[in-house]
Amino acid sequence: MPCNVDIATQEILKLAEEADPSGIRTMGVLTKPDLATEKVTQDAAMDLLLERRNVLKLGYHVVKNRSADDDNSTLPGRLADERAFFAAPPWSRIPDRCGITSLQTRLRELLMFISRKELGPVKLEIEERLRKRRAELEIMGPARDDSNAQRQYLGKLATQFQTTTQSALNGYYAGDDMFNQSEPNLKLITKVVKLNEVFSDIFWKRGHKQYFGATWDDEGEASYGSSTENSPFQIPLREYPELYGIVQTDDYICPKPLKGPIMSLIEEVFESSRGPELGTKKRSERMCKSLETLAVSFTDGEGYVPVKALRQRFTTDKDNRQQVCEDILDTLMSYYKVARKRFVDIVCQQVIHHFLLETDDGPLRIFSPDLVMSLSTEQLEMVAGEDAESKRRRNMLKQEIDSLEAALRILRF
């Protein structure tokens with residue numbers, strides 16, 4: 001604002017108040033002090049500089065610029081003329097508020113104060129950004145820009161894979177402890193168990209070539225599930241086309257047994273090769289069932305068979321040949337039931353132990369440090385090399401981290 005005008009008429013003060021209501025960013029600068037020749041005008045300017053009226057929190061300064069006709073003066077010359085002008089009264093009373101040099105000192109002090117005040121939040125913001133960028137870079141893992149780094153990267157993965165595999169095997173061999181494994185291992189074990197149940201149910205219903213009786217009899221056993229005809233585990237080959245030719249996906253349907261009864265075959269074998277009479281549990285079970293049909297119930301809930309009924313039941317003549325054939329059938333059914341369950345267990349053990357867990361070329365032993373060491377440079381680049389986008393992202397993160405670290409070093413001084 002010029003020193004020779006009435007400050008009350010200056011629109012700039014109203015604009016500054018609207019832009020800076022608190023007044024912490026507004027400093028008044030008076031110009032053209034050489035035009036304030038009258039004492040009243042000089043006193044009005046001094047009142048502003050001495051903060052007697054129109055007080056600003058940052059106060060006022062006065063400077064003397066060169067005139068419009070001054071085209072030849074130099075900066076040192078202008079500064080010398082300004083110091084000489086303010087050395088005269090009334091300006092000599094406030095040397096710290098007069099001149100370009102004094103204004104520069106004041107602005108430098110204000111800038112330092114504001115900067116120090118804002119350094120705390122700025123430092124926290126830089127530290128937070130630095131932490132995030134380091135975390136992103138750590139998630140990307142070590143750089144894999146040459147064969148040595150790629151081999152080292154795959155070697156660590158192979159070691160972790162073998163360690164995880166051994167832990168899972170230890171849990172599997174520990175019996176019930178296998179259910180204490182991690183969630184992925186538990187899901188895998190659950191699928192294997194379900195597959196075994198499906199195989200057991202199908203073999204239970206269709207594993208025999210011919211029914212023992214006129215129709216299929218469940219012999220008091222129950223199925224593991226309601227949908228055992230369908231496999232609970234399907235390999236999504238559309239998502240993993242590289243598995244074509246590796247995983248066998250041919251459907252197999254177990255044919256249904258021939259309708260019985262098998263007694264005619266037993267009688268034929270009996271005629272050609274007679275053997276000793278066989279006593280079995282099946283005979284006792286059949287006898288109990290026949291007695292249950294003759295039982296008479298009383299009020300106490302117990303069943304009793306009349307002696308007359310027993311006499312009629314057991315005095316019935318039965319051919320010795322028929323009795324022996326029935327005993328053979330009972331023995332055959334009992335043996336088949338035990339053998340069937342044992343066969344299912346053995347198949348499960350062979351599949352898991354021989355083809356998955358113990359074989360040298362099984363899936364659990366393919367990815368090993370030996371395999372990594374045998375890969376060529378081209379193979380390493382194909383398997384573990386970084387794509388262009390990952391390299392670009394890694395370089396960008398490194399540059400930003402370097403810049404943030406440099407900023408923190410500056411803020412510490």
Side-chain angles (χ1 to χ4, degrees), residues 12-13 15-29 56-59 61 100-165 167 181-187 239-240 367 369 372-373 375 377-413:
I12 188 63
L13 290 178
L15 297 176
E17 185 177 0
E18 293 177 1
D20 182 25
S22 58
I24 61 175
R25 297 185 293 111
T26 303
M27 177 184 292
V29 179
L56 295 177
K57 290 184 178 180
L58 300 182
H61 273 70
I100 292 294
T101 303
S102 176
L103 180 60
Q104 289 176 339
T105 302
R106 178 59 176 158
L107 291 177
R108 189 161 47 245
E109 292 174 351
L110 286 175
L111 180 60
M112 184 63 68
F113 172 77
I114 294 173
S115 299
R116 289 185 180 277
K117 185 178 179 180
E118 296 297 328
L119 281 182
V122 171
K123 184 179 179 182
L124 292 177
E125 182 180 354
I126 292 176
E127 289 176 345
E128 178 64 17
R129 290 181 59 184
L130 181 60
R131 184 189 64 80
K132 291 182 179 179
R133 296 300 176 266
R134 285 174 174 171
E136 291 182 30
L137 188 61
E138 184 178 357
I139 291 175
M140 295 186 68
R144 306 189 298 276
D145 49 2
D146 56 42
S147 59
N148 292 331
Q150 294 164 1
R151 199 180 303 277
Q152 185 178 9
Y153 171 74
L154 286 180
K156 290 181 179 179
L157 287 182
T159 301
Q160 294 175 2
F161 176 79
Q162 292 298 327
T163 301
T164 303
T165 299
S167 298
Q181 299 296 322
S182 61
E183 183 177 353
N185 290 339
L186 183 58
K187 289 182 178 180
E239 300 180 13
Y240 305 98
F367 188 36
V372 175
M373 295 303 296
L375 296 177
T377 303
E378 292 76 13
Q379 291 173 328
L380 286 172
E381 180 63 29
M382 291 177 59
V383 176
E386 288 185 311
D387 56 84
E389 178 61 25
S390 298
K391 293 179 180 179
R392 185 197 65 80
R393 179 63 178 170
R394 184 185 297 277
N395 292 332
M396 185 190 71
L397 289 174
K398 288 182 177 180
Q399 293 176 2
E400 187 172 357
I401 289 174
D402 292 340
S403 300
L404 293 173
E405 289 177 345
L408 283 180
R409 286 194 296 269
I410 294 174
L411 290 176
R412 291 191 182 100
F413 292 103

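Counting all heavy atoms, side chain and backbone alike, T377 lies closest to S147 at CG2-CB, 4.2 Å. Shown here for A149 and A143, the closest heavy-atom pair between the two residues is CB-O, 3.3 Å. Across all non-hydrogen atoms, the minimal contact from A158 to P369 is CB-N, 3.7 Å.
A salt bridge is defined here as a Lys NZ or Arg NE, NH1 or NH2 lying under 4.0 Å from an Asp or Glu carboxylate O, and E405 with R134 meets this definition.
Atom NZ of K391 is surrounded by more than 12 heavy atoms from other residues, nucleotides or ligands within 6.0 Å. E128 CD: more than 12 foreign heavy atoms inside a 6.0 Å radius.
Annotation: side chain of M396 is not in contact with side chain of Q399 (no heavy-atom distance under 4.5 Å). Looking only at side-chain heavy atoms (C-beta outward), L397 and M140 come within less than 4.5 Å of each other. No side-chain heavy atom of L58 sits under 4.5 Å from any side-chain heavy atom of T26. Considering only heavy atoms from C-beta on, E386 stays 4.5 Å or farther from D145 through its side chain. Considering only heavy atoms from C-beta on, R131 stays 4.5 Å or farther from E127 through its side chain. Counting only heavy atoms from C-beta outward, the side chains of L380 and R144 never approach each other to under 4.5 Å. Residues L111 and L107 form no side-chain contact, since every pair of their non-hydrogen atoms from C-beta on lies 4.5 Å or further apart.
The CZ atom of R129 lies 5.0 Å from the CD atom of E400; values are rounded to the nearest 0.5 Å. Taking NZ of K57 as the start and CZ of R25 as the end, the distance is 12.0 Å to the nearest 0.5 Å. Residue I24 holds its CD1 atom at 13.0 Å from CG of L56, rounded to the nearest 0.5 Å. To the nearest 0.5 Å, atom CG of residue D387 and atom CZ of residue R392 are 10.5 Å apart. Here the straight-line distance linking atom OG of S22 with atom CD of E17 works out to 11.0 Å at 0.5 Å rounding. Atom OG1 of residue T105 and atom CG of residue L110 lie 11.0 Å apart, to the nearest 0.5 angstrom.
Counting only distance, with no hydrogens or angles, the side chain of Q162 and the backbone of F367 share a donor-acceptor pair below 3.5 Å. At distances below 3.5 Å, at least one donor-acceptor pair connects side-chain atoms of R394 with backbone N or O atoms of G141. Remark: the backbone N or O of Q152 is not paired with any side-chain donor or acceptor of N148 at under 3.5 angstrom.
For V122, the side-chain contact (heavy atoms from CB on, under 4.5 Å) partners at least two apart in sequence or on another chain are I126, L411.
With F161 as the fixed residue, the side-chain contact (heavy atoms from CB on, under 4.5 Å) test singles out one of L157, T164, T165: T165.
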For this session: Starting from the C-alpha separation in whole Å, work towards a yes-or-no answer on side chain to side chain contact (heavy atoms under 4.5 Å, CB included) for Q150 and L375.
Result: CA-CA 10 Å; Q150 294 164 1; L375 296 177; over 6 Å; no
